Amino acid sequence: MGRYLLIRLADAIPTIFLVLLLVFIAMRILPGDPAIAALGDMATAEQLQMFREKMGLNAPLWMQFINFVWGVLTLNMGTSMMSNQSVVGLVLYNLPYTIELTLVAMLMGLTAGVPLGVLAATHRNKLPDSGVRVFSLIGYAVPDFYLGALLLIVFALNLHWFPINGGGEGFVDRMYHVFLPALTLAMVKAAFIGRLTRTSLLEVLSKDYIRTARAKGAKENRVIYRHGLRNALLPLTTGLGLSLLATLSGSVAIEMVFNRPGIGKLLIGAIAERDYAVIQGGVVVFAMFVVVINLLMDLLYIVVDPRIRVNS
């Protein structure tokens with residue numbers, strides 16, 4: 001297992017370098033001058049030159065890239081061009097809200113999606129199966145930001161059951177604030193996970209060892225959950241990784257709809273203001289999440305599939 005972990009960590013290093021290179025290039029080809037965006041159109045040439053020198057924008061590109069990579073490695077990604085605050089400080093303030101939203105949404109999606117998938121698979125081509133498939137179809141079709149707007153109007157504006165915006169203070173208050181945004185993402189995740197669970201479980205239930213377990217008189221619940229669902233976890237684990245990444249990216253729109261703090265809202269605001277330092281910091285955080293989640297999924301495969309553990 002240790003060798004397998006080292007191989008995956010080694011594979012992640014060039015991926016991280018490529019991500020940093022792409023982020024750096026993308027920031028440099030964006031339209032607009034960050035100095036003019038920060039100081040305004042009325043700024044003099046001397047003021048623009050001083051600003052570029054202060055932010056290191058007049059250095060050669062190779063030097064800018066080295067400084068950028070070194071800043072990421074040392075957690076010193078500069079200061080915001082608009083607020084003059086530390087980019088790392090802004091990220092650290094907003095990051096817990098995004099992680100909180102993603103984890104709560106995934107937990108809610110799993111809690112609803114897996115039982116729905118099992119229900120559909122054990123009642124194939126019957127009414128429960130048809131209901132789950134219709135729910136999955138609706139979940140795929142409805143955009144999360146549109147669903148979030150509907151929930152916000154109904155439960156926050158009209159019924160006043162939930163707050164309209166903000167992130168809350170303290171654990172209970174934060175869970176109260178995050179429930180409705182997380183429910184928005186969870187409904188989409190439940191549709192995906194339910195459909196995936198149904199497909200994986202149906203494939204497993206058609207195997208010979210399932211028929212053998214039933215022939216030996218094993219109880220149906222034991223056949224479904226001990227032999228069926230357990231062996232359906234590998235494709236489900238892959239889907240969970242993709243779903244987690246989709247939930248993370250979907251949090252950008254949800255944070256804007258519900259006007260709550262988070263990396264997504266920070267990033268959108270920085271893009272509108274051409275705040276390159278904050279944009280770089282936000283994109284790097286999202287990219288690192290992708291790398292880390294993929295690495296965690298690889299490690300989870302070892303737990304789910306003993307064959308990988310033996311080969312590693």
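Computed from a predicted structure; not experimentally measured. We use all heavy atoms of the structure for the numbers below, so side chains are in, but hydrogens, waters and symmetry mates are not.
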S.K.: For Y93, does the OH atom sit with more than 12 other heavy atoms under 6.0 Å from it, leaving out its own atoms?
M.R.: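 Check fails, neighbour count at 12 or below.
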
S.K.: What distance separates R124 CZ from D129 CG, expressed to the nearest 0.5 Å?
M.R.: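 The CG atom of D129 is 8.0 Å from CZ of R124, to the nearest 0.5 Å.
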
S.K.: If you round to the nearest 0.5 Å, how far is CZ of F162 from OH of Y176?
M.R.: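 It is 6.5 Å, given to the nearest 0.5 Å.
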
S.K.: Could you list the donor-acceptor pairs under 3.5 angstrom formed between side-chain atoms of residues 130-138 and any protein atom two or more places apart in sequence or on another chain?
M.R.:
{"residue": "S130", "atom": "OG", "partner": "K126", "partner atom": "O", "Å": "3.2"}
{"residue": "S136", "atom": "OG", "partner": "V132", "partner atom": "O", "Å": "3.0"}
{"residue": "S136", "atom": "OG", "partner": "A191", "partner atom": "O", "Å": "3.2"}

S.K.: Looking at side-chain heavy atoms only, is the closest gap between Y97 and V178 below 4.5 Å?
M.R.: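 Not in contact.
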
S.K.: State, to 0.1 Å, how close L201 and A121 come at their nearest heavy-atom pair, and which atoms those are.
M.R.: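 Minimum heavy-atom separation between L201 and A121: CD2-CB, 3.7 Å.
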
S.K.: Considering all heavy atoms of both residues, which atom of V104 and which atom of A182 are nearest to each other, and what is their separation?
M.R.: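 In this case the closest contact between V104 and A182 is CG1-CB, 3.6 Å.
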
S.K.: Just by distance, do the side chain of T98 and the backbone of I263 share a donor-acceptor pair under 3.5 Å?
M.R.: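 Flag set: sc T98 to bb I263 pair under 3.5 Å.
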
S.K.: For a quick test of your reading: what N or O donor-acceptor pairs under 3.5 Å do the side chains of residues 145-155 make, sequence neighbours left out?
M.R.:
none

S.K.: Can you name the closest pair of heavy atoms from A186 and A105 and give their distance?
M.R.: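 So the two residues come closest at CB-O, 3.5 Å.
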
S.K.: Pair L110, K189 - check side-chain contact (heavy atoms from CB on, under 4.5 Å), show working.
M.R.: CA-CA 8 Å; L110 274 173; K189 298 307 115 185; over 6 Å; no

S.K.: Please walk me through it: do W161 and L180 pass side-chain contact (heavy atoms from CB on, under 4.5 Å)?
M.R.: CA-CA 10 Å; W161 289 359; L180 205 58; over 6 Å; no

S.K.: With a 4.5 Å heavy-atom cut-off, do F289 and I99 have their side chains touching?
M.R.: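 Yes. Closest side-chain heavy atoms under 4.5 Å.
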
S.K.: Identify whether M256 and V283 are in the same connected component of the hydrophobic contact network (ILVMFWY, side-chain heavy atoms under 4.5 Å).
M.R.: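 M256 clusters together with V283.
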
S.K.: Taking all non-hydrogen atoms of both residues into account, name the closest pair between G281 and V87 and its distance.
M.R.: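 Looking at all heavy atoms of both residues, the closest pair is CA-CG1, 4.1 Å.
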
S.K.: Could E100 and R174 be called an ion pair, given the rule that one side-chain N must be under 4.0 Å from one carboxylate O?
M.R.: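 Salt bridge between E100 and R174, a charged N being under 4.0 Å from a carboxylate O: yes.
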
S.K.: Any sub-3.5 Å donor-acceptor pair from E255's side-chain atoms to K265's backbone N or O?
M.R.: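 Yes; judged by distance alone, with no hydrogens or angles, the pair exists.
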
S.K.: Would you call H177 and F258 a side-chain contact if the rule is heavy atoms closer than 4.5 Å?
M.R.: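 They are not in side-chain contact.
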
S.K.: Between V69 and L73, is a side-chain contact (heavy atoms from CB on, under 4.5 Å) present by the stated rule, with each step listed?
M.R.: CA-CA 6 Å; V69 173; L73 294 177; 4.1 Å; yes

S.K.: On a heavy-atom basis, which atom in I164 and which in L157 lie closest, and how many Å separate them?
M.R.: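 Shortest heavy-atom separation between I164 and L157 comes out as CD1-CD2, 3.4 Å.
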
S.K.: Quick one: pull up CG in L267 and CD1 in I279 and give me the separation to the nearest 0.5 Å.
M.R.: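 Taking CG in L267 and CD1 in I279, the distance rounds to 7.0 Å.
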
S.K.: Indicate if L202 and L116 have the same hydrophobic cluster label, given that clusters are the connected sets of ILVMFWY residues with side-chain heavy-atom separations under 4.5 angstrom.
M.R.: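 L202 and L116: separate clusters.
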
S.K.: Side-chain contact test, heavy atoms from C-beta onward, threshold under 4.5 Å: evaluate it for V188 versus F192 and give yes or no.
M.R.: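 No; the side chains remain at least 4.5 Å from each other.
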
S.K.: Are V142 and I193 connected in a single hydrophobic cluster, I mean Ile/Leu/Val/Met/Phe/Trp/Tyr linked by side-chain heavy atoms less than 4.5 Å apart?
M.R.: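 The answer is no; the residues belong to distinct hydrophobic clusters.
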
S.K.: In this structure, would V278 and V88 fall into the same cluster of hydrophobic residues linked by side-chain contacts under 4.5 Å?
M.R.: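 In one cluster: yes.
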
S.K.: Same hydrophobic cluster for F171 and L101, using side-chain heavy-atom links shorter than 4.5 Å among ILVMFWY?
M.R.: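 Result: yes, single cluster for both.
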
S.K.: Can any side-chain N or O of T122 pair as donor or acceptor with the backbone N or O of L119 at less than 3.5 Å?
M.R.: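 Such a contact is found between T122 side chain and L119 backbone.
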
